[in-house]
Amino acid sequence: MKILVVEDEERVAHFIQKGLREEGHAVDTAADGEDGGFLAEVNDYDLVILDIMLPKKNGVAVCRDMRDHGINTPVLMLTARDSVEDRVRGLDAGADDYLVKPFAFEELLARVRALLRRRSDSKTPILSIADLELNPISRSVMRNEIPIRLTTKEYALLEYMLRNPDKVLSRTLIGEHVWDMNFDPESNVIDVYVSHLRAKVDKKHTVSLIHTMRGQGYMLSVKAPPA
Ligand code: CA
C-alpha cells in the first residue's frame with residue numbers, strides 16, 4: 001500500500017516511515033501542510049497520515065481541501081494532545097480516524113490496518129486468484145494450500161497485483177504504488193522483483209499467473225494474455 005505521512009517533526013516522521021516500510025508499505029513524507037496537500041492531490045495514496053499542527057497550513061485545512069477537491073483517500077489525523085476540540089475539528093474536516101501523540105507504534109499500525117481494510121472494501125479479507133491466496137491480516141501467502149515465503153517488498157508487489165487482477169500494470173503504476181516517490185522508473189528494480197515473485201509463485205505450477213505484457217508491463221491473470 002502507498003501511504004503519505006505529513007509530519008513536521010522529523011524524528012516522528014522518520015519513525016513512522018521506517019516502521020511502515022518494514023511492514024512493506026511505500027511511504028512518502030512531507031514536512032508541511034502545503035507540500036502534504038499537494039502530494040495528496042497529485043498522487044494516488046491508499047492512506048494519508050496527517051499531523052494537525054503543521055507549518056504553512058494545518059492538517060485540518062489540508063484535510064478539508066482534499067475532501068473539497070473530491071479526494072476520498074482515508075485520513076488518519078495525529079493530534080498533539082487529547083483535545084476534544086481538535087478531534088472534532090479533524091473529523092468534521094473529513095478525517096476518518098485520529099491518534100493522540102505520543103502513541104505506541106503498534107496502535108498506529110492497528111489503525112492503519114483498519115483504515116486500509118475499510119478502503120479495500122471487501123467482507124472477505126482474503127485476496128485470491130485461482131489457487132493463489134493472500135491474507136492481508138496474517139500477511140500470509142499460499143498457493144495450492146502450500147505456504148509461500150515472501151520478502152516484504154515481494155509481498156507488497158503481490159498484494160498490489162492481487163488488488164488489480166486482469167489489468168495491465170505498467171512499471172510506472174507499480175513504481176508509484178509499491179515503491180515511493182524516490183523510485184527511479186528507469187531502473188530495472190521492478191523486473192527483478194517480478195522475476196523473484198514469479199520464481200516463488202509460478203514456478204512448479206502448470207498455470208502461470210504473472211504475465212509479461214511486452215512493452216507495457218505486467219498482468220496477474222488466470223488466462224494467458226494474447227501474444
Ligand atoms: Ca506538528
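As the structure is a computational prediction, the values presented were derived from the model and not from experiment. Counting starts at 1 for both ligands and their atoms, following the listed order. Counting begins at 1 with the first residue of the sequence.
Side-chain contact of Tyr98 with Asp86: a donor-acceptor pair under 3.5 Å is absent, judged by distance alone.
A salt bridge is absent between Arg64 and Asp92; no separation between the charged side-chain nitrogens and carboxylate oxygens falls under 4.0 Å. A salt bridge links Asp202 with Arg143: the distance from a Lys NZ or Arg NE/NH1/NH2 to an Asp or Glu carboxylate oxygen falls below 4.0 Å.
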For Arg67 and Asp96, run salt bridge (Lys or Arg N to Asp or Glu O under 4.0 Å): C-alpha distance rounded to whole Å, both residues' side-chain angles, the deciding distance at 0.1 Å, then the answer. CA-CA 11 Å; Arg67 298 307 185 227; Asp96 297 86; 3.0 Å; yes
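In terms of the side chain to side chain donor-acceptor pair (under 3.5 Å) criterion, residue partners of Ser140 (sequence neighbours excluded) are, by chain and number, Ser138.
For the Ca ion (ligand 1), protein N, O or S atoms closer than 3.0 Å were enumerated as Asp8 OD1, Asp51 OD2, Met53 O, with waters left out.
Ring orientation note: the planes of Tyr160 and His177 are close to parallel, at an angle under 30° on the 30°/60° scale.
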